[in-house]
Number of protein chains: 2
Amino acid sequence: MARSDTRYRQAYNRLLDFCGTLPVGASVPAETELGEIANVSRTVIRRCLSRLEERKVISWDGREKRLLRRPTDADRVELADSRVSTADLEQRFLDWVLRFDVPADTPLSVAELSRTFGVPQHELKEFLAGLSRFGLVARRRQGGWMLRGFTRDFAVELSDFRAVLELNAVEQAAEAPVDHPIWPRLEALRAEHLDLAARIDSDFHAFSKLDETFHKTINSVVRNRFIEEFQKVISLIFHYHYLWDKTEEKDRNAAAIAEHLAIIDALEARDADAAREAARRHLRTSKTTLLSSLRHHELG
Amino acid sequence: MARSDTRYRQAYNRLLDFCGTLPVGASVPAETELGEIANVSRTVIRRCLSRLEERKVISWDGREKRLLRRPTDADRVELADSRVSTADLEQRFLDWVLRFDVPADTPLSVAELSRTFGVPQHELKEFLAGLSRFGLVARRRQGGWMLRGFTRDFAVELSDFRAVLELNAVEQAAEAPVDHPIWPRLEALRAEHLDLAARIDSDFHAFSKLDETFHKTINSVVRNRFIEEFQKVISLIFHYHYLWDKTEEKDRNAAAIAEHLAIIDALEARDADAAREAARRHLRTSKTTLLSSLRHHELG
DNA sequence: TAACAGTTTTTAATAATAAAGCGCAGACGG
DNA sequence: CCGTCTGCGCTTTATTATTAAAAACTGTTA
């Protein structure tokens, strides 16, 4: 019942490596300096030094530390496990919710999630607490969490919010200076769209990815931590639902390509009003698609 | 090292109360039913029943439970502590940050915060995890948290974001139907603004509260969980900084009243463009005020 | 056979604790 | 005698062990 000593183990091995670079008999640097080498606090260093002394790799008497022998592979310590990536927990969690179509108002068990994701409970709790800011999960009165889920209301509000953010982005893009990096990127996107449009009959599946890139590009002109935070969630959710709704996918995608091109045209003409209008039209379509995808899911 | 048994204690006392309403000798209802009365699970009820039997308040044999005597005050159990409100932790935390002007990039000690706020550590962690979504705090690489704080960048981005949300709200307000509750509220606000304007020389301090009400009203036309979540933080922050910047407070407030009235005028005339423009102007002023308040703070 | 009590399994909240971090006082070397 | 380094002890954090509470099962009786 205590935190893991991975930090110590890693530091220890790193110190062994360092000692390997020193000649036998050389004096070992001060604790502070070693701390900087291994990027840990002095406390950890001291523990490592204790062990090094114990194993007779170094002598240690006050500030007199000397390398006694060349360290071998046998001196190294195991660094137990490679704890599964905790970084993309968000990605994996949303993926799970969307892929398995977890219904709204499902009680979430921290213990169970902890097992399926291979992440300690307390980390999950923190993560869920974060998500609750987006209204995707909520605390239950008697403890525990529940997925507020992917209801129609949620989808509508998410779409509306997305529209607000993205119309703002389009407005800003229209006023971006000529040397802004968005212009070459838009030009490249236009080419990709035209390319895909030409072979839409066979490759219409490729659109989903292109769509994501397009919206990411548009939004990239807005440098705002709040908006960026949301964008991650928004794009993921739209992305998935796009993938699902298989009804008339080809036609939908062809239409969306046309709408994207209209936005690009208006932007490159620096016509803010037209761009706004085009974006508004496209977002309206997106919203409809998202809602219809939900409806099919409910029925299915 | 276990969770507290407050739930059990409360349930026990509530059952005592319930028994008080029964005549001596009456049969006590089933566990499930008792569970509904006290709003706890059967497990807790059984624990309570055990104690009731032990103290000879009831007899208990299988499903045969009878009230032996009228419960007295001596039978009740203490419910240890009144854990300080955990509900408005957000309010209190932001209050603390802003009031004591905690500088950016301050390391936050969960242990210390836990003490000053009288809240268990794990709750604080969850809370901080939630705040990190707003970019106000961040995890440090080597564990712990830090306040990313109230930098100039943060203020700029917050203002911009607020502007995006609020311009959208104004747009929607301009198109609200005649029977929408916003109209009488706006009319009332107009009166309050005029009233305050008349006695601005003495009462200019009262504006801060009026400002908050005004913006809250405008935003109330947008029903969107994401936006609402943000609004709480935004309004709190602006509110505080308004209170601080004492330079030319009277003039500033008088000007703001005029700007508010312009927005109300345009809205009531259902002139969306004019309303947008008026709002844009006001938001620009607000941003300037927020930034100058920061500047003074840095210097002072 | 349906409602109930007894039992077992799971889950979540909290305390305990090892690991890591921090800072000061004094020692040591130059 | 001054600056650097270490020894030491206190703080803080991350993680686990433990228990309260909830939920799920199972058998029994009215």
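Everything quoted here is computed from the prediction, not taken from an experiment.
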Q | Closest listed nucleotide, where the reference is the side chain of B:R139 and the choices are D:dT6, D:dA21, D:dA14 | A |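 The answer is D:dA14, which lies nearest to the side chain.
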
Q.
Can you confirm if the aromatic rings of B:F226 and A:F154 lie within a centre distance of less than 6.0 Å?
A.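 Yes: the rings meet the under 6.0 Å criterion.
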
Q.
Taking the six-membered ring for Trp, are B:F230 and A:F230 closer than 6.0 Å centroid to centroid?
A.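 Aromatic pair counts; centres sit under 6.0 Å.
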
Rounded to whole Å, how long is the line connecting atom [atom1] of [X] with atom [atom2] of [N]?
{"X": "B:E126", "N": "C:dA12", "atom1": "CD", "atom2": "P", "answer": "12 Å"}
{"X": "A:R42", "N": "D:dT12", "atom1": "CZ", "atom2": "C1'", "answer": "17 Å"}
{"X": "B:R140", "N": "C:dA20", "atom1": "CZ", "atom2": "P", "answer": "16 Å"}
{"X": "B:L128", "N": "D:dT12", "atom1": "CG", "atom2": "C1'", "answer": "14 Å"}
{"X": "A:R9", "N": "C:dA18", "atom1": "CZ", "atom2": "C1'", "answer": "13 Å"}
{"X": "A:R46", "N": "D:dT6", "atom1": "CZ", "atom2": "P", "answer": "8 Å"}
{"X": "B:E31", "N": "D:dT28", "atom1": "CD", "atom2": "C1'", "answer": "14 Å"}
{"X": "A:H122", "N": "C:dA16", "atom1": "NE2", "atom2": "P", "answer": "19 Å"}

**Q.** Chi angles and distances behind the side chain to side chain contact (heavy atoms under 4.5 Å, CB included) call for A:V119, A:S114
**A.** CA-CA 5 Å; A:V119 160; A:S114 160; 5.8 Å; no

Pairs under 3.5 Å (N/O, protein and nucleotides 8-11 of chain C):
from: C:dT11; atom 1: OP2; to: A:R115; atom 2: NH2; distance (Å): 2.5

Q) What residue among B:R55, B:K56, B:R70 forms salt bridge (charged side-chain N to carboxylate O under 4.0 Å, His left out) with B:D75? A)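 So the option named by the test is B:R55.
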
**Q.** Partner of A:E31 by side-chain hydrogen bond (donor to acceptor under 3.5 Å, both in side chains), out of A:K65, A:R42, A:R63
**A.**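 When side-chain hydrogen bond (donor to acceptor under 3.5 Å, both in side chains) is applied between A:E31 and each of A:K65, A:R42, A:R63, only A:R42 qualifies.
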
Q. Could you go step by step and tell me if A:E90 and B:R133 meet the salt bridge (Lys or Arg N to Asp or Glu O under 4.0 Å) rule?
A. CA-CA 12 Å; A:E90 174 164 320; B:R133 290 280 177 176; 2.8 Å; yes

I'd like a list of close polar pairs between nucleotides 1-3 of chain C and the protein, N/O only, cut-off under 3.5 Å.
none

Q. Going through the distances and angles, do B:R223 and B:E228 end up as a salt bridge (Lys or Arg N to Asp or Glu O under 4.0 Å)?
A. CA-CA 8 Å; B:R223 283 260 150 268; B:E228 280 165 22; 2.8 Å; yes

Q: Output, in order, the C-alpha distance, side-chain angles, deciding distance and verdict of side chain to side chain contact (heavy atoms under 4.5 Å, CB included) for A:W60 and A:S50.
A: CA-CA 8 Å; A:W60 187 18; A:S50 299; 3.8 Å; yes

Q | Selection: residues 47-61 of chain B, any non-hydrogen atom under 4.0 Å of DNA chain C | A |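 When residues 47-61 of chain B is checked for heavy atoms under 4.0 Å from DNA chain C, the hits, listed by number, are B:W60.
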
How many angstroms lie between atom [atom1] of [X] and atom [atom2] of [Y], to the nearest 0.5 angstrom?
{"X": "B:R115", "Y": "B:L124", "atom1": "CZ", "atom2": "CG", "result": "11.5 Å"}
{"X": "B:L15", "Y": "B:Y8", "atom1": "CG", "atom2": "OH", "result": "10.0 Å"}
{"X": "A:R9", "Y": "A:R47", "atom1": "CZ", "atom2": "CZ", "result": "8.5 Å"}

Q: Could you tell me whether the phosphate oxygens of D:dC5, OP1 or OP2, come under 4.0 Å of any side-chain nitrogen or oxygen in A:K65?
A: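 No, outside the criterion.
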
Q.
With side chain to side chain contact (heavy atoms under 4.5 Å, CB included) as the criterion, how do A:I37 and A:R14 come out once you've worked through the C-alpha distance, each side chain's angles and the decisive distance to 0.1 Å?
A. CA-CA 8 Å; A:I37 290 171; A:R14 218 167 322 174; 5.7 Å; no

Q.
Counting the atoms with a prime plus P, OP1 and OP2 as sugar-phosphate, which does B:K125 contact under 4.0 Å by heavy atoms, base, sugar-phosphate, or nothing?
A.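 The answer is base, as B:K125 lies within the cut-off (heavy atoms under 4.0 Å) of a base atom.
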
Q) Which residue lies toward the 5' end of DNA chain D, A:G62 or B:V44, if each is placed at its nearest nucleotide? A)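 Taking each residue's closest nucleotide, the earlier one in sequence belongs to A:G62.
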
Q. Which residue lies toward the 5' end of DNA chain D, B:D5 or B:G144, if each is placed at its nearest nucleotide?
A.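 Its nearest nucleotide being more 5', the pick is B:G144.
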
